[in-house]
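Input: a single structure, listed below in structure tokens.
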Amino acid sequence: MTRILRPTETGIAEAANLLQSGGLVAFGTETVYGLGADATNPTAVAKIFEAKGRPHFNPLICHYFSPEAAFSHVHATATAEQLADTFWPGPLTLVLPRKVTCPVALLAGAGLDTLAVRIPAHPVAQKLLQRLGRPIAAPSANRSGRISPTTAAHVLAQLEGRIAALIDSGPCRVGLESTVLDLSMSPPFLLRPGGVTTESLEAAIGPIQSGITPTQAESPRTLRSPGLLLSHYAPTLPLRLNATTIAPNEALLAFGPPLKNASLTYQLSGQENLTEAAANLFDALHWLDSHAPAQNLTAIAVMPIPPHALGLAITDRLTRAAAPR
Ligand code: TXA
Ligand code: MG
């Protein structure tokens with residue numbers, strides 16, 4: 001059952017409580033409705049991919065109450081500060097390097113070392129962020145591959161029963177997603193055109209790069225763009241998928257009852273719960289990578305993960321991590 005909340009003090013307080021306890025809440029922004037989760041809670045973030053039926057762990061935008069809050073989690077450049085002064089709050093998302101202290105779940109950034117941050121201008125989004133006191137990870141509130149929602153009715157038609165609540169925030173003013181600008185490399189690169197025009201960005205900060213030509217197709221920058229992103233983070237140890245036995249040199253990434261004789265194990269989900277496994281995935285790879293060498297383990301054996309629901313995204317991610325490089 002999805003609760004429909006009014007955009008009042010009471011409704012927003014209720015929505016913040018649901019987010020706080022790990023629930024999903026759709027809310028209005030000036031661009032499109034967002035499907036929000038507490039960005040610092042990996043299980044809540046995993047639920048976003050499940051509710052959307054997303055086949056891949058695309059990185060999500062983290063929404064903040066203020067530029068100061070956003071810049072406490074990422075390294076802001078002078079250009080970022082200037083864009084923030086000019087366009088925030090508003091439909092501009094900046095991709096910047098994560099700080100090591102950033103508490104946002106790794107899954108929200110799909111394991112990347114950058115994070116997309118934005119300050120929404122809609123009063124409902126602002127009040128919700130202020131009330132929660134934490135960033136909200138939110139893609140557009142549609143099922144994967146469907147059209148972005150710009151009214152509460154659009155959201156309900158796609159997500160009713162799949163999310164805890166929806167704040168009816170009226171129709172979205174911009175109706176088109178935010179512009180996504182990558183500032184993690186120079187010159188700035190336009191990853192997605194959107195609510196703020198390229199012309200106005202260039203008027204503020206000078207030339208930006210956009211469009212992907214064939215010669216750029218193999219560049220590191222292209223690998224950061226949507227879809228191809230997931231090959232970016234791979235553990236240093238080789239992965240062996242669908243393991244049903246374990247070799248003496250291998251650490252174990254377990255799903256369900258673990259294989260016998262493993263000397264080092266990370267359990268994704270003892271109960272074989274795919275949402276829990278998705279939430280743990282990036283942490284598991286980091287952890288095994290850093291703990292295996294001390295025990296002279298040189299590879300990671302991965303138990304079979306059923307390739308349905310979130311398992312599809314998990315196997316997609318593991319296959320990319322296991323690919324020869
Ligand atoms: O207007 C909007 O941006 C809406 C509202 C809810 O804020 N959100 C939205 O999110 O459109 P979503 O998930 O549908 O699109 C996020 C885009 C994707 O193209 C994703 O690949 C890109 O941002 N993105 C997110 N994090 C990134 C990162 N670290 N590096 C590169 N691209 C990133
Ligand atoms: Mg979208």
Side-chain angles (χ1 to χ4, degrees), residues 24-37 39 45 48-49 51-64 70 73-75 80 87-99 102 104-122 124-126 128-129 135-151 154-155 158-159 163 166-167 169 172-185 188-196 210 212 220-233 282:
L24 299 185
V25 176
F27 61 98
T29 81
E30 74 280 22
T31 58
V32 299
Y33 272 73
L35 173 56
V45 172
I48 291 180
F49 294 97
K52 280 185 73 97
R54 256 199 190 184
H56 304 289
F57 294 132
N58 288 342
L60 305 174
I61 296 171
C62 281
H63 300 70
Y64 288 82
H73 290 178
V74 290
H75 292 286
F87 297 103
W88 278 354
L92 176 66
T93 295
L94 300 178
V95 173
L96 290 160
R98 277 174 83 114
K99 289 187 175 169
C102 176
V104 169
L106 289 173
L107 183 60
L112 293 169
D113 53 10
T114 55
L115 194 66
V117 297
R118 147 165 142 81
I119 318 301
H122 197 294
V124 168
Q126 293 209 328
L128 185 61
L129 284 160
I136 298 177
S140 46
N142 50 282
R143 295 272 292 161
S144 187
R146 305 268 303 275
I147 297 165
S148 293
T150 54
T151 66
H154 292 164
V155 178
Q158 298 193 39
L159 295 173
I163 58 177
L166 157 72
I167 310 176
S169 324
C172 300
R173 185 166 58 78
V174 177
L176 177 76
E177 289 93 342
S178 63
T179 302
V180 181
L181 189 67
D182 188 348
L183 294 179
S184 69
M185 284 186 265
F189 189 86
L190 184 72
L191 288 173
R192 180 177 75 182
V196 170
S210 65
I212 291 163
R221 163 152 281 161
T222 310
L223 292 178
R224 305 173 80 87
S225 64
L228 296 172
L229 280 162
L230 303 179
S231 56
H232 181 87
Y233 177 74
F282 290 114

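First listed ligand is number 1; within each ligand, the first listed atom is number 1. Since the structure is predicted, the reported quantities are computational estimates derived from the model, not experimental observations.
- Heavy atoms of Asp182 stay at 4.0 angstrom or farther from ligand 1.
- Around atom 4 (C) of ligand 1, the closest heavy atom drawn from Val32, Ile48, Val180 belongs to Val32.
- Counted within 6.0 Å of CD1 on Ile147, heavy atoms from surrounding residues, nucleotides or ligands total 12 or fewer; the atom is thus considered open.
- Among the atoms of Ser148, no N, O or S atom is found under 2.8 Å from the Mg ion (ligand 2).
- In terms of N/O distances under 3.5 Å, ligand 1 is approached by Thr114.
- Of the possible donor and acceptor atoms, none in the side chain of His73 sits under 3.5 Å from a partner among the backbone N and O of Cys102.
- Arg192 and Thr93 are not linked by any side-chain donor-acceptor pair at a separation below 3.5 angstrom, with hydrogens and angles left out of the test.
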Apply side chain to side chain contact (heavy atoms under 4.5 Å, CB included) to Leu128 and His122, showing your working.
CA-CA 10 Å; Leu128 185 61; His122 197 294; over 6 Å; no
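- With distances taken over non-hydrogen atoms, the option nearest atom 31 (C) of ligand 1 out of Leu191, Leu181, Asn142 is Leu191.
- Residue Arg54 has at least one nitrogen or oxygen atom sitting less than 3.5 Å from a nitrogen or oxygen atom of ligand 1, judged on distance alone.
- Rounding to the nearest 0.5 Å gives a distance of 12.0 Å between NE2 of His154 and CG of Leu166.
- Taking every non-hydrogen atom of Ala116 and a distance limit under 4.0 Å, the qualifying atoms of ligand 1 come out as 25 (C), 26 (N), 27 (C).
- Separation of atoms OG (Ser178) and CG (Leu94) is listed at 9.5 Å; rounding is to 0.5 Å.
- Note that the NE2 atom of His63 and the CD1 atom of Ile119 stand 9.5 Å from one another [nearest 0.5 Å].
- At least one N/O-N/O distance between Arg192 and ligand 1 falls below 3.5 Å.
- Closest heavy-atom contact between Ile48 and Leu24: CG1-CD2, 3.7 Å.
- Shown in contact with Ile61 at under 4.0 Å from a heavy atom are these atoms of ligand 1, numbered in order with element: 3 (O), 8 (N), 9 (C), 10 (O), 16 (C).
- Within ligand 1, the atoms closer than 4.0 Å to a non-hydrogen atom of Thr31 are 1 (O), 2 (C), 4 (C), 5 (C), numbered from 1 in the order shown.
- Assignment of Gly109 to the shell around ligand 1 is not supported, since no heavy atom sits closer than 4.0 Å.
- Only the backbone of Ala138 comes within 4.0 Å of ligand 1, judged by heavy-atom distances.
- When every heavy atom of Gly109 is checked against every heavy atom of Leu115, the shortest pair comes out as CA-CD1, 4.5 Å.
- Considering backbone and side-chain atoms together, Thr29 places no N or O closer than 3.5 Å to any N or O of ligand 1.
- Set against the non-hydrogen atoms of His63, the atoms of ligand 1 under 4.0 Å away are 5 (C), 6 (C), 7 (O).
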